[in-house]
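Taking it in order: structure first as structure tokens, then the write-up.
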Amino acid sequence: MIGQDISQAKRILDAGDLVAIPTETVYGLAGNALNAVAVASIFETKNRPSFDPLIIHVSSLLEAENYVSDIPAPLRSLAEHFWPGPLTLLLQRKNIIPDIVTSGLDRVAVRVPDHPLTLELLAQLDFPLAAPSANPFGYISPTSPQHVDAQLGTKIAYILDGGKCKVGLESTIVGMEGDEIVIYRLGGLEISEIESLVGKVKVKSHSTSNPQAPGLLESHYAPSKPFLIGNLDELIAKYQSQGVDLAVLSFDKQFDSIPPGNQITLSPRADLKEAAACLFAAMRTLDESNAVVILAELMPESGLGKAINDRLKRAATKG
Ligand code: TXA
Ligand code: MG
């Protein structure tokens, strides 16, 4: 069921069951993070490998302190500036966090999401919410309640309807290694915003397989149809000459040779924020079209363009 009833969401979560929650980044599949059985059912519902740890969501930095033992000064300063917002911090966990949440790792991922309904819900709960993106493992993350309903609707008691996600890309994941500040996943908070506060950071999110963060596996966020990235004029010419039905995902251009229903321009005014907010919905729409192949192009590699390109490359068909 889809609705806006926070009390109903609370009742379901209090009983150890799952609710899909809106955030500014993507919808999450949420359960009581302190209840190992509830957390296990998140993995089962998503078909997610249990070695891939979850982010816990809290209503404030103050509440986060109940679950982590130490917050290094630079990370505290990031939390103070960017929470609520698309920033996840990896922090030393307290024992109250079950192993299943962190896959046994010493650090737990924590964030305060920026959505009024979910912040209100979190404030009413006596526990944090463990929540991965509310999609089957490996598929495109959901940015609307309808996306969640289409794939997991029969498996989740309630979808809290907070409308479309305004950022549209998952949170940026940040932690420390010694004195170094490390970005483990590019996301909705730009590197430049982080660096303007805490200085130079190291970006580690490009590894093809990273056992510390298996959600960063190279193939992820992927549509079901072949998804190819390159120069759109060249790709369109090549596949049209072979008579293949095409769908096209472009940053700011339109193509006369492609039917309007088979192409999506993420931002005609070339605005990366707008492109990020539409990206996952556009990938889903084209995946559901009658095309056989989806062709896409990379964005300018600056600001949010880096995080968008990261998702496009992981979505791309390999080989
Ligand atoms: O924006 C978001 O972050 C969304 C919303 C729902 O909050 N959540 C999200 O969760 O994207 P998920 O599970 O799809 O991605 C979480 C990523 C995974 O790649 C996971 O491996 C990594 O965070 N992660 C979680 N806990 C970790 C930990 N303790 N150490 C290293 N990586 C961790
Ligand atoms: Mg995910």
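Counting starts at 1 for both ligands and their atoms, following the listed order. Being a predicted model, the structure only gives us computed values, none of them experimental.
The residues Arg76 and Glu65 are annotated as salt-bridged, a charged nitrogen and a carboxylate oxygen being separated by less than 4.0 angstrom.
Atom NZ of Lys238 is surrounded by 12 or fewer heavy atoms from other residues, nucleotides or ligands within 6.0 Å. More than 12 heavy-atom neighbours from other residues, nucleotides or ligands sit within 6.0 angstrom of CG on Asp70. By the 6.0 Å contact criterion, NZ on Lys273 is open, its count of non-hydrogen atoms from other residues, nucleotides or ligands being 12 or less. Within 6.0 Å of NZ in Lys10 there are more than 12 heavy atoms belonging to other residues, nucleotides or ligands.
Atoms of ligand 1 lying under 4.0 Å from at least one heavy atom of Thr25, given by number and element, are 1 (O), 2 (C), 4 (C), 5 (C). Remark: ligand 1 atoms within the under-4.0 Å shell around heavy atoms of Pro132 are 10 (O), 12 (P), 13 (O). In the vicinity of His57, heavy-atom distances shorter than 4.0 Å reach the ligand 1 atoms 5 (C), 6 (C), 7 (O). Near Ile55, with a cut-off below 4.0 Å to any heavy atom, the atoms of ligand 1 are 3 (O), 8 (N), 9 (C), 10 (O), 16 (C). Proximity to Pro53 (heavy-atom distance under 4.0 Å) selects the following atoms of ligand 1: 20 (C), 21 (O), 24 (N), 25 (C), 26 (N), 27 (C), 28 (C), 33 (C).
Considering backbone and side-chain N/O atoms, Ser133 comes within less than 3.5 Å of an N/O atom of ligand 1. Inclusion of Ser171 in the set of residues having an N or O under 3.5 Å from an N or O of ligand 1 is warranted. Ligand 1 has no nitrogen or oxygen under 3.5 angstrom from a nitrogen or oxygen of Lys46.
Checking Asn135 against the Mg ion (ligand 2), every N/O/S atom stays at or beyond the 2.8 Å cut-off.
Considering every non-hydrogen atom in both Trp83 and Ala64, the closest pair reads CZ3-CB, 4.3 Å. Between Asp52 and Phe43 the shortest heavy-atom distance is O-CE2, 3.3 Å.
A donor-acceptor contact closer than 3.5 angstrom is absent between the side chains of Arg185 and Thr88.
When the heavy-atom distances from atom 18 (C) of ligand 1 to Asp52, Leu29, Val108 are ranked, the shortest goes to Asp52. Distances from atom 12 (P) of ligand 1 to the heavy atoms of Arg111, Arg48, Arg107, Glu170 put Arg48 nearest. Heavy-atom proximity to atom 6 (C) of ligand 1, evaluated over Ser141, Gly28, Ala20, is greatest for Gly28.
The side chain of Ile173, and not its backbone, has at least one atom closer than 4.0 Å to an atom of ligand 1 (non-hydrogen atoms only; side chain from C-beta on). By the criterion of a heavy-atom distance under 4.0 Å, neither the backbone nor the side chain of Arg93 is placed next to ligand 1.
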For this session: Could you go through the salt bridge (Lys or Arg N to Asp or Glu O under 4.0 Å) check for Asp310 and Lys306 one step at a time?
Result: CA-CA 6 Å; Asp310 170 86; Lys306 287 189 181 170; over 6 Å; no

